[in-house]
J.: 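Below is the structure I would like to discuss, written out as structure tokens.
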Amino acid sequence: MSALVSGVGTDAAIYDDPQDADIPTLLDSRYDADKAQGLKRLIALMAQGQDVSTFFPQVVKGVASQSLEVKKLVYIYLVHYADKRPDEALLSINSFQRDLSDINPLVRAWALRAMSGIKVRAVGPLVIMAANKCARDPSPYVRRCAANAVSKIHSMGDEQHFDELLVSILLNDNYPGVAGAAAQAFISVCPERYSLLSSSFRKLCGLLYEADEWGQISLMDILMRYIVAKYGVVRDFSSVNVEFSCLQQAHEENGGDFYKADTRSSFPDERWEVRLMLSSTLSLLRSQNSAVVLQAAVIHWYFSPGNELSNIVKPLLFLLRSSLDARHVVLANILSFSKCEPSLFEAYFEDFFICSSDSQAIQALKLDILTNIVSDLSATQILQELEAYIRNPNSQLAADAVNSIGRCALRLSSTVAICTKGLLKLVVSRSSHSGREQYSPGRGRVVVQAVSSLRAIMQKHPAEQDQVILHLLRNLNHILEPTAREVVIWMIGEQAIARPALAEGIPVALRYLAKTFANESNGTKLQVLNCLAKIISSSQRCSSLKTVLLILQYILDLAACDLNYDVRDRAWILRVLLAGHLDAIKHHSSYDADPPANSMFLRQKSVPVLPSLSLQPSTFLPGSMSHMVQHKSPGYRPLPRERYTDLSPSSPTLPERQPELQSQSESTDSGSESFESEDDGNYTDDDLAVISDADGNTAKEKADLISLSDTELLKRDASPEDLSPSVDLESWLGPEEPSNSPEDFDKSSNSEVKKVLALDFTNGDGLEVHYGFMRGPSIFSSSMVCVRLFLHNKSSEPMHGIEINDGETAGYAAVLFSWLTAFESGTARIIPPEAVALEPGEKTELNAHVDFRHNLSIVKVCLHCNSNKFPIKISPEPGVLLRPRKMSISVFLAAEARIAGMHRSSRR
Amino acid sequence: MIQCLFLLSDAGDVILEKQWMGKRVERSICSWFWRQRSEMEDQDPPSVIASPTHYLLHIVREGVTFLACTASEMPPLLGIEFLCKVASVLENYLGGLNEDILKDNFVIVYEILDEMMDSGFPSTTEPSVLKEIIAPPNLVSRVLSVVTGTSSSLNAASPLATSSQVSWRASNVKHSNNEIYFDLVEEMDAVFNRDGFVVKCEAYGEIQATSRLSGMPELSLTFANADILHDVNFHPCVRYRAWEADQMLSFIPPDGAFKLMSYRVKGLKNPPLFVRPQLSSGEGICRVNVLVGLRGDPGKPVDAIIVQLPWPPSVVSTNLSPSVGTVTYSFSTKVSTWIIGRIPKDKSPCLSGTLQLEPGINRLEEFPTFLVGFKIQGTAVSGLKVDKMDIRNVEYRPYKGFRAVTRAASYEIRT
């Protein structure tokens with residue numbers, strides 16, 4: 001009581017010192033006030049992160065109290081510890097059932113909520129009964145609670161039938177709030193059961209506007225999926241995948257305006273559902289809740305005909321101002337929309353101008369959108385704006401703006417001239433003032449980015465080159481940032497030699513480079529060497545060969561004594577490769593250009609893609625979590641692909657789950673496509689890869705060489721071979737974690753190897769089998785994993801002929817033979833161990849080699865013993881055998897995003 | 001769905017946690033989040049982050065971080081909007097948001113959170129309905145609790161808006177004084193480029209209403225110039241059809257304070273203030289001269305004028321003196337703050353002086369963006385005008401009040 005008085009009515013004292021009173025005594029008190037005190041103290045402890053589940057039995061008794069406050073506090077406690085002490089929660093089941101008939105709807109609802117939180121099988125039927133009762137309760141508050149309880153009941157047991165029954169009852173509820181919660185239950189219980197919706201579709205559309213904002217989101221989600229399943233979509237994110245759905249055809253037949261028809265008139269055809277959904281979600285685009293607006297916009301994105309799509313633009317843009325916390329997510333979604341339909345947002349470029357309160361992530365998204373939507377009309381203003389960002393003290397923003405200018409030029413050829421001019425000016429001005437000792441990293445970043453953007457523009461529009469390269473050559477002595485110098489030197493080697501106008505400039509530049517060679521960074525030195533090799537290889541086109549030759553020899557001599565072994569190696573390689581050229585030039589004889597050397601140095605380079613600053617384009621559903629985090633999150637459901645022909649309510653069978661699987665594989669396919677296209681995009685210079693091929697180096701050496709070559713400056717250092725088995729990564733996506741993974745570990749005998757029980761002695765006639773992974777590569781094949789089997793004869797009789805096979809062939813020799821043939825043809829899954837015999841009580845260990853085909857699916861084998869057969873499942877464990885793989889950070893991030901396992905929650 | 005919510009103080013400590021699902025989320029996720037936050041230095045991390053185990057959504061209100069965790073797919077905006085709702089409901093209930101207030105009222109906070117979400121999905125979030133279930137704390141109930149020893153915040157007899165036709169309003173609301181107030185709160189966003197031209201100038205406005213009306217009043221609000229509104233969104237009580245047809249707000253208001261509508265007016269021509277900065281640098285110093293003045297006549301006095309001048313990192317120290325107001329300089333953030341207040345009639349505000357640059361740097365090469373703050377009482381800068389407000393379906397004649405205020409939100413001057 002003293003605590004109460006000092007707190008003058010607030011609970012501050014309880015929070016600060018919850019344990020200054022004896023909590024058990026308070027809980028056991030006859031007075032509700034004391035009970036409430038005790039419970040408040042428990043909740044205070046809970047809030048501070050302490051585990052107070054030991055009080056469970058005493059707390060549960062409080063349910064019987066007549067005081068509303070005590071009840072509420074008990075329920076708060078119960079929900080918190082629901083799954084921790086299920087058995088003790090059972091004690092109170094009678095009180096809950098009594099509360100279910102209370103006159104106060106709050107009490108009824110709370111009782112159901114607490115009951116459904118108890119995860120015990122035995123209670124299942126009671127909870128279902130309770131939910132059933134509540135679903136027909138007069139109070140909508142209780143009915144909504146019943147809807148929420150359905151998903152909890154579903155996660156607990158196998159009464160699928162009841163769940164669906166309940167959902168269908170609740171979906172037909174006339175109270176908007178209940179229908180919204182029912183939609184959520186539908187999503188968690190039976191998301192594919194579209195036949196439930198077809199009867200109530202019209203009613204749900206009608207309730208949509210009156211439902212609460214959260215219900216609107218769920219309702220829109222199920223309505224959208226229903227329509228997709230029935231009719232397909234009008235547009236998609238991957239233009240390749242768009243099917244010509246009946247919707248699209250309809251748009252074309254009617255000139256796109258049949259939606260204009262009054263929705264209340266009789267519908268001549270079956271597509272009234274689409275029209276109804278679009279018209280009833282139109283008003284939701286004006287909601288104050290950003291999640292509702294985005295969901296409605298997604299619906300319109302997928303279904304509205306082209307001329308009406310602009311409905312979504314203003315509401316989406318307004319979210320950027322009206323819901324500041326939602327900006328990041330909304331921008332990410334606008335980015336995806338603008339990628340597909342840039343024209344939608346073209347006129348509203350001002351909304352993507354950056355203001356100083358924007359965080360870095362938002363700035364990057366806005367710049368990406370600006371480069372997506374730039375058009376001839378807006379180019380001047382957007383470029384002016386980007387120019388203003390370059391002056392910003394934030395060097396990251398300045399560099400990003402320069403990158404965006406480059407991308408604008410790549411997108412709109414009309415802006416090439418002005419962009420190159422601006423970038424050149426920037427390089428020159430930012431470089432020439434650097435007559436000071438320290439070099440600010442921020443400025444360097446801008447110069448590097450400007451030079452890289454220039455290089456990309458030059459490669460796409462070679463016509464502009466002369467002036468640009470001349471300018472860069474003249475300012476080479478001012479460009480101090482090593483990375484920027486590397487790019488300029490690369491441009492000399494690649495692009496200048498093809499230009500007769502620049503022929504005189506090259507020897508001057510080379511002479512300058514020869515002079516500064518000793519002081520250059522390692523990367524620049526390698527670039528100088530490459531550049532010289534390119535010039536020599538194209539010797540026919542260069543007039544002042546003599547000078548170049550002298551410079552080459554001088555630099556080769558210098559490089560041969562360099563401190564860095566990469567530079568030395570490169571010099572030696574070039575000396576050998578170019579020996580023919582050198583001799584020919586020395587003796588003034590005409591030398592046939594050595595084809596391998598030429599093809600090595602003078603290959604056609606593809607135009608690089610300037611990396612986007614924020615999110616990579618993905619095919620995930622807009623508005624979803626997966627779309628934001630760029631990987632498939634647990635529970636993500638892509639849109640249904642296939643059209644269900646039979647959606648009538650009487651349809652007895654559930655739709656097959658096939659379409660989902662199919663669309664999953666489709667999405668991974670398109671994922672791997674983008675993987676490869678990224679490949680092509682950045683992969684512009686592979687001289688050195690060819691060199692190492694020619695030398696017959698091993699893959700490892702090659703990887704090392706690659707990382708030293710020009711490709712380094714193109715931010716890509718994984719060789720194509722490293723990337724090709726991207727299937728490996730993909731294959732981790734598909735299968736779910738094995739549901740029956742054995743959890744019985746025998747850690748006592750061998751602490752190093754984690755043993756998993758494969759066969760229990762009660763099932764195996766006394767033979768117990770464990771298996772464990774040996775953390776080592778298999779001797780048979782690099783794709784196999786060594787699995788050790790631990791056999792223990794726990795029976796009183798000897799066992800003989802213990803062997804493992806696939807259950808078809810018998811006898812070790814025959815088995816081995818069949819395995820070997822399979823192995824040679826590359827189809828073997830397992831190399832079995834030799835047959836053994838075991839005396840009573842004897843233990844032995846065998847090694848098998850299993851090929852899991854890079855996925856998580858279980859390998860089934862058959863164990864023979866005393867002419868009995870026992871099936872055994874070996875389930876792979878991710879992360880047991882790791883092999884380093886070299887890849888660049890961007891490739892890594894792209895790969896990481898596709899691995900579901902990295903973010904999978906463990907299910908128990 | 002949302003598994004749990006953590007409320008973190010500005011030091012990163014957990015004030016309280018609320019778990020909604022059986023599967024508990026450990027507190028260690030908060031320290032992971034806080035590490036991420038500190039790695040971002042002065043910036044707030046993106047509102048959606050994928051941690052190794054969970055997806056984290058967060059918002060920050062008054063120094064309190066609302067952090068929600070989920071392990072599975074859900075619309076991220078749903079989570080963020082829910083957090084915003086929680087923050088606004090708590091603020092509404094407790095009359096403020098900070099660590100102490102939350103600790104003082106943690107039981108009510110728990111009761112509210114328990115009501116607002118059920119098994120991971122938002123449930124009752126409408127403040128007026130919540131108040132029927134959980135009474136807000138007030139002095140009377142506190143004193144009563146001390147005197148009687150009982151401290152129930154729960155309403156014993158709960159009407160629960162059951163019989164009402166509209167979910168946001170109970171059917172039996174009664175007030176002795178019937179009144180309704182509308183506040184037009186406008187925020188002005190403007191960007192001026194280095195030549196003083198307007199790059200962008202727009203106003204974002206909200207109509208915040210406070211209703212204390214008995215019965216089931218039918219209100220309608222019309223504007224004299226609704227056509228200037230570029231974007232709008234509405235409280236769920238507003239009938240969209242009426243707006244589409246007649247540009248009229250027709251609604252049954254919820255009881256208490258609510259945001260009736262928000263809007264945006266783009267392409268404004270008359271930003272009320274101009275700021276003319278001149279920076280010229282050389283030989284290690286930068287001369288600064290900033291002029292501030294009124295642009296046109298906004299009709300009402302412009303108050304609380306304040307100019308923030310964040311200097312680039314290469315500036316070491318400042319020596320600035322204003323003709324009006326005061327200037328303070330923060331060494332840690334390198335921001336000069338010039339507080340002008342109201343512009344006097346006889347003097348024009350001018351800030352002049354020099355900046356000392358880092359040794360070795362001759363000229364300033366990064367150019368700061370100045371931020372301006374001001375406030376204009378009694379006028380909506382967008383020019384939006386309420387024409388009339390009618391009330392039907394009730395016997396009484398309520399008191400009606402209108403107010404308007406304009407603030408600068410992001411008013412930026414590039415140099």
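Excluded from the calculations below are hydrogen atoms, water molecules and symmetry mates; all remaining heavy atoms, backbone and side chain alike, are included. This structure is a prediction, so every number in the text was calculated from the model and none was measured. Quick note on labels: first sequence line is chain A, next is B, and so on, each numbered from 1.
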J.: At a heavy-atom separation under 4.5 Å, does A:Ser218 approach chain B through its side chain, its backbone, both, or neither?
T.: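 Just the side chain, heavy atoms under 4.5 Å.
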J.: To the nearest 0.5 Å, tell me how far A:Tyr348 OH sits from B:Lys266 NZ.
T.: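 So the gap between those two atoms works out to 7.0 Å.
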J.: For the pair B:Arg194 and A:Glu387, find out whether any cationic side-chain nitrogen is under 4.0 Å from an anionic carboxylate oxygen.
T.: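 No.
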J.: Report the C-alpha separation of B:Glu126 and A:Asp212 in whole Å, then their side-chain angles, then the decisive distance to 0.1 Å, and conclude whether the side chain to side chain contact (heavy atoms under 4.5 Å, CB included) test is met.
T.: CA-CA 9 Å; B:Glu126 193 57 46; A:Asp212 62 289; over 6 Å; no
J.: Should A:Arg286 and B:Val238 be marked as a side chain to side chain contact (heavy atoms under 4.5 Å, CB included) after you check the CA-CA gap, both sets of side-chain angles, and the distance that decides it?
T.: CA-CA 10 Å; A:Arg286 305 285 178 196; B:Val238 175; over 6 Å; no
J.: Can you say whether B:Asp189 sits under 4.5 Å from chain A via the side chain, the backbone, both, or neither, judging by heavy atoms?
T.: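 Contact with chain A is through the side chain of B:Asp189 alone.
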J.: Of the listed residues (B:Cys4, B:Pro310, B:Ser47), which shares the most heavy-atom pairs with chain A below a 4.5 Å separation?
T.: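 That would be B:Ser47.
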J.: Please determine whether side chain to side chain contact (heavy atoms under 4.5 Å, CB included) holds for the pair B:Asp118 and A:Lys152, giving the CA-CA distance in whole Å, both sets of side-chain angles, and the decisive distance to 0.1 Å.
T.: CA-CA 10 Å; B:Asp118 185 3; A:Lys152 280 193 269 187; 3.9 Å; yes
J.: Once side chain to side chain contact (heavy atoms under 4.5 Å, CB included) is applied, do any residues pair with A:Ser323, and if so which ones, sequence neighbours excluded?
T.: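 A:Ser290, A:Leu319, A:Ala326, B:Glu81.
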J.: Can you say whether B:Ser262 sits under 4.5 Å from chain A via the side chain, the backbone, both, or neither, judging by heavy atoms?
T.: both
J.: Examine whether an atom of A:Tyr31 lies under 4.5 Å from a heavy atom of chain B, and if so say whether it belongs to the side chain, the backbone or both; otherwise answer neither.
T.: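 Neither; nothing under 4.5 Å.
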J.: Below 4.5 Å from any heavy atom of chain B, which atoms of A:Ile354 appear? Answer side chain, backbone, both or neither.
T.: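 Contact with chain B: backbone only.
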J.: Pick one of side chain, backbone, both or neither for A:Ile43, based on which atoms fall under 4.5 Å of a heavy atom in chain B.
T.: both
J.: Considering non-hydrogen atoms only, spot the tightest contact between A:Trp214 and B:Ser123 and give its length.
T.: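 Heavy atoms of A:Trp214 and B:Ser123 come nearest at CD1-O, 4.2 Å.
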J.: Just by distance, with hydrogens left out, do A:Arg144 and B:Thr124 show a side-chain donor and acceptor under 3.5 Å apart?
T.: yes
J.: Please flag which part of B:Ile80 lies under 4.5 Å from any non-hydrogen atom of chain A: side chain, backbone, both or neither.
T.: side chain
J.: Side chain, backbone, both or neither: which part of B:Lys85 has an atom under 4.5 Å from a heavy atom of chain A?
T.: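 Looking at B:Lys85, just its side chain touches chain A.
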J.: Determine the minimum heavy-atom distance between A:Glu385 and B:Val199, stating which atoms define it.
T.: OE1-CG1, 3.6 Å
J.: So which residue, B:Met261, B:Arg27, B:His235, B:Lys18, ends up with the most heavy-atom pairs under 4.5 Å with chain A?
T.: B:Arg27
J.: Taking side chain as everything from C-beta outward and backbone as N, CA, C, O, which of these in B:Val232 sits under 4.5 Å from a heavy atom of chain A? Side chain, backbone, both or neither.
T.: both
J.: Examine whether an atom of B:Leu260 lies under 4.5 Å from a heavy atom of chain A, and if so say whether it belongs to the side chain, the backbone or both; otherwise answer neither.
T.: backbone
J.: Could you pull out the closest heavy-atom pair between B:Pro76 and A:Gly623, with the gap in Å?
T.: CD-O, 3.2 Å
J.: Would you kindly say whether A:Ser626 and B:Glu73 are connected by a side-chain donor-acceptor distance under 3.5 Å?
T.: yes
J.: What's the separation between atom CG in A:Leu73 and atom CD in B:Glu111, rounded to the nearest 0.5 Å?
T.: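 Nearest 0.5 Å value for the CG-CD distance: 5.5 Å.
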J.: Which pair of non-hydrogen atoms, one from B:Tyr110 and one from A:Ala47, has the smallest distance, and what is that distance?
T.: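 In terms of heavy atoms, the two residues are closest at OH-CA, 3.3 Å.
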J.: Step through the shown structure and confirm whether more than 12 heavy atoms of other residues, nucleotides or ligands are within 6.0 Å of CD on A:Glu350.
T.: yes
J.: With a 4.5 angstrom heavy-atom cut-off, is it the side chain or the backbone of A:Gln216 that approaches chain B, or both, or neither?
T.: neither
J.: To the nearest 0.5 Å, tell me how far A:Asn148 CG sits from B:Met117 CE.
T.: 9.5 Å
J.: Calculate, to the nearest 0.5 Å, the distance between atoms OG and CZ belonging to A:Ser283 and B:Phe234 respectively.
T.: 10.5 Å
J.: Please work out which of the three classes, parallel, tilted or perpendicular, describes the rings of B:Tyr204 and A:Phe318, given edges at 30° and 60°.
T.: tilted
J.: Report the C-alpha separation of B:Leu371 and A:Ser356 in whole Å, then their side-chain angles, then the decisive distance to 0.1 Å, and conclude whether the side chain to side chain contact (heavy atoms under 4.5 Å, CB included) test is met.
T.: CA-CA 9 Å; B:Leu371 301 174; A:Ser356 45; 3.2 Å; yes
J.: A:Arg113 versus B:Asp114: any side-chain heavy-atom pair under 4.5 Å?
T.: yes
J.: Non-hydrogen atoms of chain B under 4.5 Å away: do they reach the side chain of A:Ala332, the backbone, both or neither?
T.: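 For A:Ala332, there is no contact with chain B at all, as no heavy atom is under 4.5 Å.
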J.: CG of B:Leu57 to CG of A:Asp325: how many Å apart, nearest 0.5 Å?
T.: 11.5 Å
J.: So which heavy atom on B:Ile133 is nearest to which on A:Trp110, and how close?
T.: CG2-CZ2, 4.4 Å
J.: Taking every non-hydrogen pair under 4.5 Å, which of B:Pro75, B:Pro312, B:Ser119 racks up the most with chain A?
T.: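 Counting heavy-atom pairs under 4.5 Å, the top option is B:Ser119.
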J.: What part of B:Phe367 gets within 4.5 angstrom of chain A, counting heavy atoms only: side chain, backbone, both, or neither?
T.: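 Contact with chain A is through both the backbone and side chain of B:Phe367.
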J.: So which heavy atom on B:Asn233 is nearest to which on A:Gln288, and how close?
T.: OD1-CG, 3.3 Å
J.: With a 4.5 angstrom heavy-atom cut-off, could you sort out which part of A:Arg391 is near chain B: side chain, backbone, both or neither?
T.: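 When you check distances to chain B, atoms from both the backbone and side chain of A:Arg391 fall under 4.5 Å.
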J.: Looking at chain B, which one of A:Ser322, A:Ala361, A:Ser357 has the largest number of heavy-atom pairs inside 4.5 Å, strictly under?
T.: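 Answer, by heavy-atom pair count under 4.5 Å with chain B: A:Ser322.
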J.: Can you tell me which portion of B:Phe6 sits under 4.5 Å from chain A's heavy atoms? Options are side chain, backbone, both or neither.
T.: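 Neither the backbone nor the side chain of B:Phe6 comes within 4.5 Å of chain A.
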J.: Contact part of A:Leu317 toward chain B, heavy-atom cut-off under 4.5 Å: side chain, backbone, both or neither?
T.: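 Both the backbone and the side chain of A:Leu317 come within 4.5 Å of chain B.
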J.: Examine whether an atom of B:Arg264 lies under 4.5 Å from a heavy atom of chain A, and if so say whether it belongs to the side chain, the backbone or both; otherwise answer neither.
T.: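 Both backbone and side chain.
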J.: Under a 4.5 Å cutoff for heavy-atom pairs, which residue among B:Lys103, B:Glu244, B:Glu17 has the most contacts with chain A?
T.: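 Answer, by heavy-atom pair count under 4.5 Å with chain A: B:Lys103.
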J.: Could you tell me the separation between the CD1 atom of A:Ile217 and the CG atom of B:Leu78, rounded to the nearest 0.5 Å?
T.: 4.0 Å
J.: Please state whether the side chain, the backbone, both or neither of B:Trp311 comes within less than 4.5 Å of a heavy atom of chain A.
T.: neither
J.: Which atoms of B:Ile15 come close to chain A, meaning under 4.5 Å heavy atom to heavy atom: side chain ones, backbone ones, both, or neither?
T.: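 For B:Ile15, backbone and side chain are both near chain A.
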J.: Chain A: which of B:Arg414, B:Lys200, B:Gln19 shares the most heavy-atom pairs with it under 4.5 Å?
T.: B:Arg414
J.: Identify which part of A:Gln184 has an atom lying under 4.5 Å from any heavy atom of chain B, answering side chain, backbone, both or neither.
T.: side chain
J.: With a 4.5 angstrom heavy-atom cut-off, is it the side chain or the backbone of B:His230 that approaches chain A, or both, or neither?
T.: both
J.: Please look at A:Arg321 and chain B and tell me whether the side chain, the backbone, both or neither of the residue comes under 4.5 angstrom of a heavy atom of that chain.
T.: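 Backbone plus side chain of A:Arg321, per the 4.5 Å heavy-atom cut-off to chain B.
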J.: Chain A: which of B:Ile49, B:Thr125, B:Leu7 shares the most heavy-atom pairs with it under 4.5 Å?
T.: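 Sorted descending by pairs with chain A, the first entry is B:Thr125.
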J.: Relative to chain A, which segment of B:Met1 carries a heavy atom at a distance below 4.5 Å: side chain, backbone, both, or neither?
T.: side chain
J.: Select one option (side chain, backbone, both, neither) describing which atoms of B:Glu202 are under 4.5 Å from chain A's heavy atoms.
T.: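 Side chain only.
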